[in-house]
Amino acid sequence: MAKRETVKIEGLAELGKALRELPDRVAKNGLRVSVYAGAKVVRDEARARAPKAQQSLGPNQPPPGTLKRSVIMKHIPELSSLTRQTFFVTVRHGKKYRKQGKKGNLSQDAWYWRFVEFGTRKMAARPFLRPALEAKRREAAQAMKERLQQRVAMEAKKIQHKTLGHSGAGLL
């Protein structure tokens, strides 16, 4: 089983209060898009760090670039709630595509990613996922903060507009 790294941002009491004041759907969606923004930063860095073979490795081997193409982020609804959203940045494996795209076989089955990340008895580790998280941890947290601020402001403006529209107050 692959190891998991968790990024937890603490000390945001004001954020929690603001989220509780918003409707549940707005709070959940706002939090999800902000965590998405942070996960995207880490995913992009992992793709940039993923090693790529310089040439074809043979007829029964994945084409060069498969590992880079296979780095994905995935929302996990089962581990998410109103106050918690979970995204995994991982490598897609076990899914084969044949004759896809203009270049032919662009398989996304990077079944070997664990060997690259953690190494084997015969091969040194060439980690790319863990260093991507370490390198972009602060940038990801900043992206989440900025996106959440934008989303809360946007939703607050919508709520204010609806409130003004229903109270009989007119806009000048």
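Small disclaimer: the values here were computed from a predicted structure and weren't measured.
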Please check: side-chain N/O of T120 versus main-chain N/O of F115, any donor-acceptor pairing under 3.5 Å?
no

Shortest non-hydrogen separation from Y112 to L67 and the atoms involved
OH-N, 3.4 Å

Could you tell me if the side chain of F87 sits less than 4.5 Å from the side chain of R32, heavy atoms only?
yes

Between R49 and E45, is the closest basic N to carboxylate O distance under 4.0 Å?
yes

Please examine the side chains of M73 and Y36, heavy atoms only from C-beta on, and report whether any two atoms are closer than 4.5 Å.
yes

Note: R126-E117 ion pair, threshold 4.0 Å (strictly below)
no

Indicate the ring-plane relationship of W113 and F118, choosing parallel, tilted or perpendicular according to the 30° and 60° boundaries.
tilted

Tell me, with the steps shown, if H75 and T86 meet side-chain contact (heavy atoms from CB on, under 4.5 Å).
CA-CA 6 Å; H75 180 243; T86 303; 6.0 Å; no

Answer whether the closest heavy-atom distance between the side chains of P131 and E134 falls below 4.5 Å.
no

Would you kindly confirm whether V33 and V89 end up in one hydrophobic cluster when ILVMFWY residues are joined by side chain heavy atoms under 4.5 Å apart?
no

Please report the closest heavy-atom contact between F128 and A46, naming both atoms and the distance.
CD1-O, 3.8 Å

Counting C-beta onward and ignoring hydrogens, is there a side-chain heavy-atom pair between K145 and S34 closer than 4.5 Å?
no

Q150 and E146: side chain donor to acceptor below 3.5 Å:
no

Is atom NZ of K68 surrounded by more than 12 heavy atoms (other residues, nucleotides or ligands) closer than 6.0 Å?
yes

Check: S70 side chain, V91 main-chain N or O, donor-acceptor pair, under 3.5 Å:
no

How about F88 and L79: do any of their side-chain heavy atoms sit closer than 4.5 Å?
yes

Between T66 and R69, do the side chains contain a donor N or O and an acceptor N or O under 3.5 Å apart?
yes

Does R47 use its side chain to pair, donor to acceptor, with the backbone of V71 at less than 3.5 Å?
yes

Do the non-hydrogen side-chain atoms of N29 and R151 ever get within less than 4.5 Å of each other?
yes

Tell me whether L133 shares a hydrophobic cluster with M144, the cluster being built from Ile, Leu, Val, Met, Phe, Trp, Tyr side chains joined at under 4.5 Å.
yes

Rounded distance (nearest 0.5 Å) linking atom CG of L31 with atom CD of Q85:
5.0 Å

Exercise: identify the closest heavy-atom pair between V41 and A143:
CG2-CB, 3.9 Å

